[in-house]
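Below: the structure, in structure tokens.
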Amino acid sequence: EISACLVGSEMCKETACAAGFRFNVAPVEAQYAACTNVFDQYGFVLELGGYAASDVESIITEYNAALDEAGYQDVLAEFSKQYEDWKASK
């Protein structure tokens with residue numbers, strides 16, 4: 001996929017280094033679904049400023065703990081493995 005970007009006053013074309021890569025969630029489907037649920041619980045509310053400023057740090061700590069409990073590290077490891085394998089095949 002080629003996207004246009006503005007550099008100074010000239011247009012240039014760049015191709016993202018991961019263009020064409022597709023993550024296969026099947027090996028970590030349960031963990032991915034659990035992480036999606038955690039994001040639904042915390043992510044949008046954090047992004048939209050739904051917590052008091054004084055609570056944000058503790059909420060982020062809770063969010064990270066909930067993601068880890070949901071299997072985020074497994075998803076990340078699988079994503080990294082698939083990406084590195086894909087990149088090596090190019």
Side-chain angles (χ1 to χ4, degrees):
E1 215 172 275
I2 297 177
S3 63
C5 66
L6 187 61
V7 176
S9 60
E10 297 181 28
M11 293 295 286
C12 70
K13 291 182 179 179
E14 290 183 355
T15 302
C17 63
F21 172 73
R22 298 290 179 260
F23 177 53
N24 176 10
V25 72
V28 287
E29 191 168 353
Q31 297 94 321
Y32 187 86
C35 288
T36 299
N37 290 336
V38 171
F39 177 77
D40 289 346
Q41 181 181 352
Y42 290 96
F44 288 121
V45 181
L46 277 167
E47 289 178 11
L48 298 174
Y51 294 105
S54 60
D55 295 335
V56 169
E57 190 173 331
S58 65
I59 294 297
I60 290 174
T61 300
E62 285 178 31
Y63 184 22
N64 287 332
L67 282 170
D68 283 341
E69 198 171 304
Y72 175 76
Q73 296 303 322
D74 295 335
V75 175
L76 181 59
E78 181 62 28
F79 180 92
S80 296
K81 177 191 173 301
Q82 288 183 30
Y83 179 70
E84 292 302 323
D85 290 348
W86 174 82
K87 203 166 65 169
S89 74
K90 299 296 168 203

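Keep in mind that the numbers below use all heavy atoms, side chains included, and drop hydrogens, waters and symmetry copies.
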Where Gln82 and Arg22 come nearest, the two heavy atoms and their spacing: OE1-O, 4.1 Å

Closest non-hydrogen atom pair between Gln31 and Asp74, with its separation: NE2-OD2, 3.5 Å

Other residues, nucleotides, ligands: >12 heavy atoms within 6.0 Å of Glu47 CD: yes

Flag if over 12 foreign heavy atoms under 6.0 Å of CD, Glu69: no

Between [X] and [Y], is there shared hydrophobic-cluster membership here, with clusters defined by ILVMFWY side-chain heavy atoms closer than 4.5 Å?
{"X": "Leu48", "Y": "Ile59", "value": "no"}
{"X": "Leu67", "Y": "Val56", "value": "yes"}
{"X": "Phe39", "Y": "Tyr32", "value": "no"}
{"X": "Trp86", "Y": "Val25", "value": "yes"}
{"X": "Val28", "Y": "Tyr83", "value": "yes"}

Spatial distance of atom [atom1] ([X]) from atom [atom2] ([Y]) [nearest 0.5 Å]:
{"X": "Lys87", "Y": "Phe21", "atom1": "NZ", "atom2": "CZ", "result": "10.5 Å"}
{"X": "Cys35", "Y": "Asp68", "atom1": "SG", "atom2": "CG", "result": "8.5 Å"}
{"X": "Leu46", "Y": "Gln41", "atom1": "CG", "atom2": "CD", "result": "10.5 Å"}

Tyr42 ring center within less than 6.0 Å of Tyr51 ring center: no

Beyond-backbone contact of Pro27 with Lys81, side-chain heavy atoms, under 4.5 angstrom: no

